[in-house]
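Only heavy atoms go into these numbers, but all of them, side chains included; no hydrogens, no water, no symmetry mates. In listed order, ligands and their atoms are each counted from 1.
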Amino acid sequence: MPETEAKAAPCGTEPAPPCTLVVFGAMGDLTKRLLMPSLYNLAGSRLLDPGFTILGIDHNDNTDAGLRTALTEAMEGFAADPNSEFHADHVDPERWGFVRERIHFLKGDFTDAALFDTLTARVSGNAVFYLAVAARFFGTIVEGLGRAGLLKQADGAFRRVIIEKPFGADLASAEALNARILKQADESQFYRIDHFLGKETVQSIMAMRFANGMLEPVWRREYVDSVQITAAETVGVEARGGFYEPTGALRDMVPNHLFQLLCMVAMEPPNSFAAEAVRGEKAKLAEAVKPIPLTDAVRGQYTAGRMGDTEHVAYRDEPDVARDSNTETYIALKLEIDNWRWAGVPFYLRTGKRMASRRTEIAVLFKPAPFRLFEGYGIDPLTPNVMRITIDPEHGAATELNVKVPGPKMRIGRAVTRFRYGDFFAAAPNVGYETLLYDCMTGDPTLFQRADNIEAGWAAVDPLLKGWPQGQIAFYPAGSAGPREADDLLARDGRHWLGLDGVTD
Ligand code: BG6
């Protein structure tokens with residue numbers, strides 16, 4: 001059976017309606033690395049309509065044939081690279097052919113009104129405008145589209161805009177950008193991307209919580225001691241110094257990615273799975289996060305260090321980074337959520353580059369058993385039960401339990417029950433943007449950020465962005481678990497961070 005037949009659309013999933021995908025930034029890294037492989041996978045799953053087309057816009061000269069060749073070469077390069085997000089060992093000609101023959105090119109300057117006039121002649125019917133460009137162009141492009149009438153939805157056709165991150169650099173700039181774009185079109189036409197929401201496991205946290213009666217009753221302050229959310233990366237800043245210097249770990253990861261994980265794990269059960277029901281609960285949760293005081297945050301920056309056989313340079317020695325830079329490559333925070341369910345339960349968040357291992361996970365630490373029945377029987381006091389939901393490097397969950405050690409005497413030991421998604425379900429090929437693109441084309445905004453959600457994230461971290469004392473930064477060697485000061489943040493509450501190596505059985 002040809003491979004394309006084997007990968008028919010999942011049961012009940014219809015191809016997205018025909019539309020033109022207009023990509024601003026057609027030769028950019030995001031288009032090559034994530035959009036094209038995602039469209040390839042969607043084509044393989046038969047989720048693209050034959051009437052689907054792509055119009056790529058770039059400021060350099062090119063042609064339809066030239067853009068098709070460049071993107072084909074990029075796809076082949078990714079297939080040959082085991083470290084790329086595109087986990088295919090070759091580019092299937094039929095599948096890629098479907099996408100490739102629909103690619104067209106338009107040269108244009110995003111700041112020039114003439115581009116948008118030309119676009120009106122090239123785009124009719126349904127259209128998704130994908131802003132795969134630097135953040136400084138978001139407002140300008142949306143205004144160009146709006147002024148040219150390209151965002152008017154007439155005769156049943158939809159016009160939608162996908163906006164990448166970073167959406168603003170603080171609360172004021174996020175509010176200003178929202179105000180600017182919402183003058184041009186309705187909130188329902190904007191799809192603000194947070195790629196963490198395209199991750200299968202992030203969505204499955206909702207299923208885990210709300211499809212299992214046994215978990216929901218204990219998912220609250222009476223039973224939960226604390227929650228730890230970690231996004232540890234081994235990669236450094238590498239070639240992204242220019243972007244990272246004015247950004248830092250807090251802006252890059254916290255109000256967006258880590259807050260998405262926080263919302264999924266802590267929001268109230270929505271009344272339905274409808275987009276606005278889910279987004280409403282997420283926004284309520286984000287709004288309940290108390291502004292974080294400076295004393296509940298630690299900023300860190302990596303110094304030189306060894307990881308395995310490789311010596312890594314300090315952040316300050318990376319390209320395009322100032323030698324006296326105070327940009328944080330690590331941040332640890334303690335959050336409090338002011339609502340009925342979570343009052344008094346600390347949520348500890350940490351993220352960093354060049355850490356000892358790659359690990360994105362949420363760990364829910366439960367309170368210990370109330371009565372010390374097993375005093376003196378092995379583990380004393382009993383270590384708390386921990387449920388760890390892992391997103392990277394492996395999708396799954398593990399629960400740490402106290403059990404009897406086999407033998408004639410009563411002795412308590414630690415055991416782990418663990419499941420990996422891969423052991424139960426065959427995963428469709430996925431670079432992380434397939435669901436997001438498909439959902440936008442089918443008009444499902446559940447996995448996209450609403451204006452209020454974005455602003456609530458920025459509002460929580462705003463005191464930190466405004467108040468960091470100049471030069472206050474804690475250092476950690478590349479390949480470590482972060483700065484000592486981050487350990488102190490938990491130690492002062494009588495707690496400690498879980499290891500970055502996951503659960504050991
Ligand atoms: C991006 C950040 O949004 O997310 C990067 O800009 C970060 O700095 C990346 O490395 C992490 O995403 P993932 O999917 O690799 O965990």
Side-chain angles (χ1 to χ4, degrees), residues 25 28-31 33-35 37-38 78 81-87 131-135 138 162-169 174 192-205 229-262 264 299-302 307 312 315 318-321 325 327-331 349-362 389-396 427 430-436 447-449 454 457-458 461 478 482 500 502:
D29 182 58
L30 183 105
T31 305
R33 201 164 49 85
L34 296 167
L35 292 191
S38 299
F78 292 133
D81 175 2
N83 295 321
S84 80
E85 287 89 350
F86 184 46
H87 303 289
L131 275 45
V133 295
F138 293 164
I162 300 184
I163 307 185
E164 271 293 332
K165 85 175 250 280
F167 195 97
R192 300 174 191 80
I193 280 211
D194 183 311
H195 82 272
F196 264 46
L197 288 176
K199 291 178 191 259
E200 190 62 43
T201 316
V202 173
Q203 301 164 47
S204 75
I205 295 167
I229 300 182
T230 299
E233 298 183 85
T234 49
V235 289
V237 174
E238 291 153 7
R240 297 172 75 217
F243 158 77
Y244 206 81
E245 269 286 88
T247 306
L250 175 63
R251 287 191 173 90
D252 191 34
M253 296 293 287
V254 177
N256 35 61
H257 303 330
L258 294 196
F259 266 56
Q260 290 306 328
L261 301 182
L262 174 74
M264 291 291 177
R299 299 166 75 225
Q301 188 190 86
Y302 61 82
M307 295 168 75
H312 290 286
Y315 173 70
E318 300 275 18
D320 302 321
V321 170
S325 170
T327 297
E328 78 283 359
T329 59
Y330 173 100
I331 182 131
L349 274 52
R350 64 179 159 167
T351 181
K353 303 231 179 261
R354 284 272 185 259
M355 295 183 68
S357 14
R358 163 97 163 130
R359 175 151 295 273
T360 307
E361 76 169 14
I362 299 171
I389 303 170
T390 311
I391 291 144
D392 276 313
E394 170 180 276
H395 296 187
N430 193 332
V431 298
Y433 272 59
E434 291 80 355
T435 309
L436 297 173
L447 296 177
F448 293 85
Q449 295 251 72
I454 293 245
W458 283 118
V461 300
L500 286 178

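What sits closest to atom 8 (O) of ligand 1 on the protein, heavy atoms only, is Asp252 OD2, 2.6 Å. For atom 14 (O) of ligand 1, the nearest non-hydrogen atom of the protein is Lys199 NZ, 2.6 Å. Protein heavy atom closest to atom 1 (C) of ligand 1, with residue, atom name and distance, is His257 NE2, 3.6 Å. In terms of protein heavy-atom proximity, atom 10 (O) of ligand 1 is closest to Glu233 OE1, 2.5 Å. Nearest non-hydrogen protein atom to atom 4 (O) of ligand 1 is His195 CE1, 3.2 Å.
No side-chain donor from either of Arg359 and Thr230 sits under 3.5 Å from a side-chain acceptor of the other. Using modelled atom types and a 3.5 Å distance limit, the side chains of Ser325 and Glu245 yield a donor-acceptor pair.
Interface atoms of ligand 1 facing Arg358, defined by a heavy-atom separation under 4.0 Å, are 13 (P), 15 (O), 16 (O). Listed by atom number, the atoms of ligand 1 under 4.0 Å from Lys165 heavy atoms are 1 (C), 2 (C), 3 (O), 6 (O). Residue contact check: Lys353 has heavy atoms under 4.0 Å from atoms 5 (C), 7 (C), 8 (O), 10 (O) of ligand 1.
Using a 4.0 Å heavy-atom cutoff, Arg251 is absent from the residues neighbouring ligand 1. Every heavy atom of Tyr244 sits 4.0 Å or more from the atoms of ligand 1.
Of the polar atoms of Arg240, at least one N or O is found under 3.5 Å from an N or O of ligand 1, judged by distance alone.
Note that Arg192 lies outside the cation-pi zone of Phe448, set by a 6.0 Å cut-off to the ring centre and a 45° limit from the axis.
Using the six-membered ring where Trp is involved, Tyr315 and Tyr302 have ring planes that are perpendicular, over 60° apart on the 30 and 60° scheme. The aromatic rings of His257 and Phe196 lie parallel to each other, their planes meeting at an angle below 30°, with 60° marking the opposite boundary.
Put simply, the side chain of Tyr433 reaches to within 4.5 Å of the side chain of His195, judged on heavy atoms.
Ion pairing between a basic and an acidic side chain is recognised when a charged N comes within 4.0 Å of a carboxylate O; Arg358 and Asp392 show such pairing. The existence of a salt bridge linking Glu238 and Arg354 is confirmed by a sub-4.0 Å separation between a basic side-chain nitrogen and an acidic carboxylate oxygen.
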